[in-house]
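Worksheet: one structure, shown below.
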Number of protein chains: 2
Amino acid sequence: MSSAPFVRIAELPAHAGQTVVIRAWVTHLRSSGKIAFAVLRDGTAICQAVFVKNQLPAEVWERFAHLTTETSVEISGEVRVEPRSPGGAEIGVAGLTIIGPSPIDYPIQPKEHGVDFLLDNRHFWLRSPRQRAIAVIRHEVEQAIHDYFYENGFLRVDTPILTAAIGERSGLFATEYFDLGNAYLAQTGQLYGEAAAAAFGKIYTFGPTFRAEKSKTRRHLTEFWMIEPEVAWNDSEANMKLQEDFVAYLVQRVLERRKPELAELERDVSKLENIKAPFPRLNYTDAIALVQSKGSSAVWGDDLGAEDEALIVADYDKPVFVFNYPKEAKAFYMKENPDDPRTVLCDDLLAPEGFGEMIGGSQREDDYDKLVARIKEEGLPMDAYEWYLDLRRYGTFTHSGFGLGLERTVAWICGIQHIREVIAFPRMMHRLRP
Amino acid sequence: MSSAPFVRIAELPAHAGQTVVIRAWVTHLRSSGKIAFAVLRDGTAICQAVFVKNQLPAEVWERFAHLTTETSVEISGEVRVEPRSPGGAEIGVAGLTIIGPSPIDYPIQPKEHGVDFLLDNRHFWLRSPRQRAIAVIRHEVEQAIHDYFYENGFLRVDTPILTAAIGERSGLFATEYFDLGNAYLAQTGQLYGEAAAAAFGKIYTFGPTFRAEKSKTRRHLTEFWMIEPEVAWNDSEANMKLQEDFVAYLVQRVLERRKPELAELERDVSKLENIKAPFPRLNYTDAIALVQSKGSSAVWGDDLGAEDEALIVADYDKPVFVFNYPKEAKAFYMKENPDDPRTVLCDDLLAPEGFGEMIGGSQREDDYDKLVARIKEEGLPMDAYEWYLDLRRYGTFTHSGFGLGLERTVAWICGIQHIREVIAFPRMMHRLRP
């Protein structure tokens, strides 16, 4: 063991010329008989360690032969800035300690693996450069979300996951809750967010949501993260303005700070550079006409499916709003459109390049009688919504909000086709492990 | 309706001398016959609206008489900076529109209410100045957590809530998961955090965790938020250093930015100003001797209860570490202490002023054989831990981490005795609504 300071690989360039200790995992090995190289990964970055036979004690040189992929090691040596080296710095090795050997049957080998195999070994798959790049971009998006709302005066509110029955909705996970019957895992925090908006003005939620749906598409997870801002006094127009400003901020922030990770993913950043407000807007009726003109069989009154969404965004290089859908296609809490009561004041924001819906938003019904009528029409149990109706009984208010699906947004920014790759341990209908 | 710009109350001082529109709820009313005052709240701040009879159209003056607590209104008028006024600015009213009337049976009245009543009306209770102050401090702590880790090179990882069986542990919420049997709501993200630390070096989680325990103390919720950093190559000593640096940062950040909210809560900030690293440390054996000397019946081998914790912190004005507990009092994954194999390398961090344990941390067992032995001793199903054991099979590594309970930490900083007040919609054994 060396008494030199322990540093993370990302910090190496700041220690050029110094002797340091790093602790890391081996990713690649190569040797010529007189000089040998190990590429090392510690999660912060990678670097190359250079072993020169005639400059090393014999036992250190021989130890190199015991290294395998994913062996964990402690290495001491001098830091050299070396632009040709992976990571931009290398270590001239003076000492090597093997901390954790790695048998040669390490599951992930330098060959093609099927996605089920990779997901079974997700705890190892995360170690790949591509998965790290996705995780770093996900984190950047998450931090950008928090920063955006913090700087703009929104209060974060953590809404409950365990919720009482709110009617026989489909796709709910249920769990026995002491003597109170079943609790259900929240599909949204919105109703609570509305109560919080009346208390705090501008709020957002950031948490996991759940859908017990037997969907097996590349856009569905049973557990995914959602961000739900809710703003007192915002109408549907202000709501869409907030969405485009917010989404543009997230994209520009990733472009600014995570270029190396976008490059690792071979993302075409020219597709992202253009993502600035305002975004194009189509009302639902025009959207139906557009997809019909492109051969869709959708008719007025239908919700838009993934194929219709793809037809719409094909004409644009930015996210596209489709707004004011028919009432029957949308949830009971959306505000009736005074200019066309067949429709509600809502929007879906469709990502470019066919990545699908990433936001659903709406102005909320603030009229007590209309909301009661909608709850009855949907056959929902009135008593479960008494507290929600209270918000309309006492000082009702114009308000709007939306839900941004984190995984879909990150998948789009990363250019990843299947959202299972953008969460560390995805949960799908057939997958609960690891 | 006025064509003047709509502004939030917090922005009023920047509009001194201008005519603006605000939208808000009424909290207090008073009238002298010729002049009348309404205190208004919009979640961002409060202000006073001043109605002068002989300067207003008769119908506006008469409308004032219809105002009640929690009526929502739109008011236009000129902004005046007025230090004596609540919030520091007031509006000389020119126009008043009642948006949402509020019947006089508004549940929360200016009198004492029992806590069950207040929790039944949590959607209204949140509107009180005290509850707002708590929510603002909670948000500040949350943002400070994200900022601390972002700036220190940690990667945020969202670990799953729905997890496969990991043995017959008590206190688990179960839900049917398609054809895969039961899923269980995570009590911790730690095991996943360890896998992520091997991939990314320094990580943290931030999410809800669940305990189906019939505890009814002021420190227990069935759903609470936990922050769990995990760091490759940190030993127990480095783990404690990280904890004290982190906790001190959170407290200083709240002191710096949330003085008005601490004042609203009448928090004695002198108790917080001293919270700086390092924190005192007691090893478990000394802690037992200390509580015994104060009359506790605890004996070596026991975990420490809330009363023992209170005896320990009574001697200190900072959080206190108790470290290296007996193996049988702690979880199977904690690393055996090489200097005393009856104990493990772990710590609990106890908040001052009797607020109890806010962190539990440990170095993790990185020896494959020892970990297997512990899993067997505890009677846990080996196959559920195969992927976790993989982390010791291939390139095992020294690593440590901890879990900080968000609500307990915020309760301490706020000086709130019961943690049910520091989460928007608390979940307890007898409470699932609203």
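Quick caveat, the model's predicted, so the values are computed rather than measured. Residue numbers begin at 1 in each chain, while the letters A, B, ... track the order of the sequences.
The parts of B:V136 that come within reach of chain A are both its backbone and its side chain, each placing non-hydrogen atoms under 4.5 angstrom from that chain. For a residue to count as touching a neighbouring chain, one of its non-hydrogen atoms must lie under 4.5 Å from one of that chain's; by this rule B:Y106 touches chain A with backbone and side chain alike. B:R122 does not touch chain A: none of its heavy atoms, backbone or side chain, sits under 4.5 Å away. Interface remark: B:L185 contributes side-chain atoms only to the contact with chain A (heavy atom separation under 4.5 Å). Looking at A:Y368, neither its backbone nor its side chain comes within 4.5 Å of chain B, counting heavy atoms on both sides. For A:W225, the part sitting under 4.5 Å from any heavy atom of chain B is the side chain, from C-beta outward, and nothing else. Proximity to chain A (any heavy atom under 4.5 Å) is restricted, for B:A24, to the backbone atoms N, CA, C and O. Only the side chain of B:F6 has a heavy atom closer than 4.5 Å to any heavy atom of chain A.
Of all heavy-atom pairs between B:W25 and A:G395, the closest is NE1-O, 2.9 Å. Closest heavy-atom contact between B:L126 and A:F200: O-CE2, 3.5 Å. Across all their heavy atoms, B:A199 and A:R41 have their closest contact at O-NH1, 3.5 Å. Contact between B:D158 and A:A424 at its shortest, heavy atoms only, is O-CB, 4.1 Å. When all heavy atoms of B:L162 and A:E223 are compared, the closest pair comes out as N-OE1, 2.9 Å.
Two residues are said to be in side-chain contact when any heavy atoms from C-beta on lie closer than 4.5 Å; B:F178 and A:T222 meet this criterion. Taking the side chain as every heavy atom from C-beta outward, B:R156 and A:Q143 never approach each other to under 4.5 Å. At a threshold of 4.5 Å between non-hydrogen side-chain atoms, the residues A:I99 and B:D366 do not count as touching.
At distances below 3.5 Å, at least one donor-acceptor pair connects side-chain atoms of B:W233 with backbone N or O atoms of A:R23. A:S72 places a side-chain N or O within donor-acceptor distance of the main-chain N or O of B:T396, the cut-off being under 3.5 Å.
Ranked by heavy-atom pairs shorter than 4.5 Å toward chain A, the options B:P103, B:A195, B:G201 are led by B:P103. Listed options A:E194, A:E142, A:E70 were ranked by heavy-atom pairs under 4.5 angstrom with chain B; first place goes to A:E142. In terms of non-hydrogen atom pairs under 4.5 Å with chain A, the most contact-rich of B:I203, B:D147, B:L191 is B:D147. Chain B forms the most heavy-atom pairs under 4.5 Å with one residue out of A:G153, A:A198, A:A183, and that residue is A:A198. Here B:E140 is the residue among B:Q131, B:R392, B:E140 with the most heavy-atom pairs under 4.5 Å with chain A. Taking chain A as the reference chain and counting heavy-atom pairs below 4.5 Å, the highest number among B:L391, B:T163, B:V26, B:T69 is found for B:T163.
Taking a 6.0 Å sphere around CD of B:E176, one finds it holds 12 or fewer heavy atoms contributed by other residues, nucleotides or ligands. With a 6.0 Å radius and a threshold of 12 heavy atoms from other residues, nucleotides or ligands, A:D105 has its CG atom above the threshold.
One finds the CE atom of B:M429 at 8.5 Å from the CG atom of A:L180 (value rounded to the nearest 0.5 Å). Here CZ of B:F124 is found 4.0 Å from CG of A:D390. Values are rounded to the nearest 0.5 Å. Taking CG of A:N182 as the start and CG of B:L432 as the end, the distance is 9.5 Å to the nearest 0.5 Å. Rounded to the nearest 0.5 Å, atoms CG (A:L155) and OG1 (B:T44) are 11.0 Å apart. Atom NE2 of residue A:H123 and atom CH2 of residue B:W387 lie 7.5 Å apart, to the nearest 0.5 angstrom. Distance CG/A:N121 to OH/B:Y394: 9.0 Å, rounded to 0.5 Å.
The list of side chain to side chain donor-acceptor pair (under 3.5 Å) pairs with a residue in residues 423-434 of chain B, not counting sequence neighbours, reads A:Y192-B:R427, B:D120-B:R431.
Ring geometry for A:F173 against B:Y177 counts as parallel: the plane angle stays under 30°, on a 0 to 90° scale with 60° as the upper cut.
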For A:R8 and B:K202, what are the C-alpha separation, side-chain angles and deciding distance, and is it a side-chain contact (heavy atoms from CB on, under 4.5 Å)?
-> CA-CA 10 Å; A:R8 307 271 167 185; B:K202 305 197 282 184; 4.0 Å; yes

Got a list of side-chain donor-acceptor pairs under 3.5 Å for residues 205-213 of chain A, not counting sequence neighbours?
unit_1	atom_1	unit_2	atom_2	d
A:T205	OG1	A:E228	N	3.3
A:T209	OG1	A:F224	O	3.2
A:R211	NH2	A:Q187	O	3.1

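Checked against the 6.0 Å centroid criterion, the rings of A:Y150 and B:H139 qualify as a close aromatic pair.
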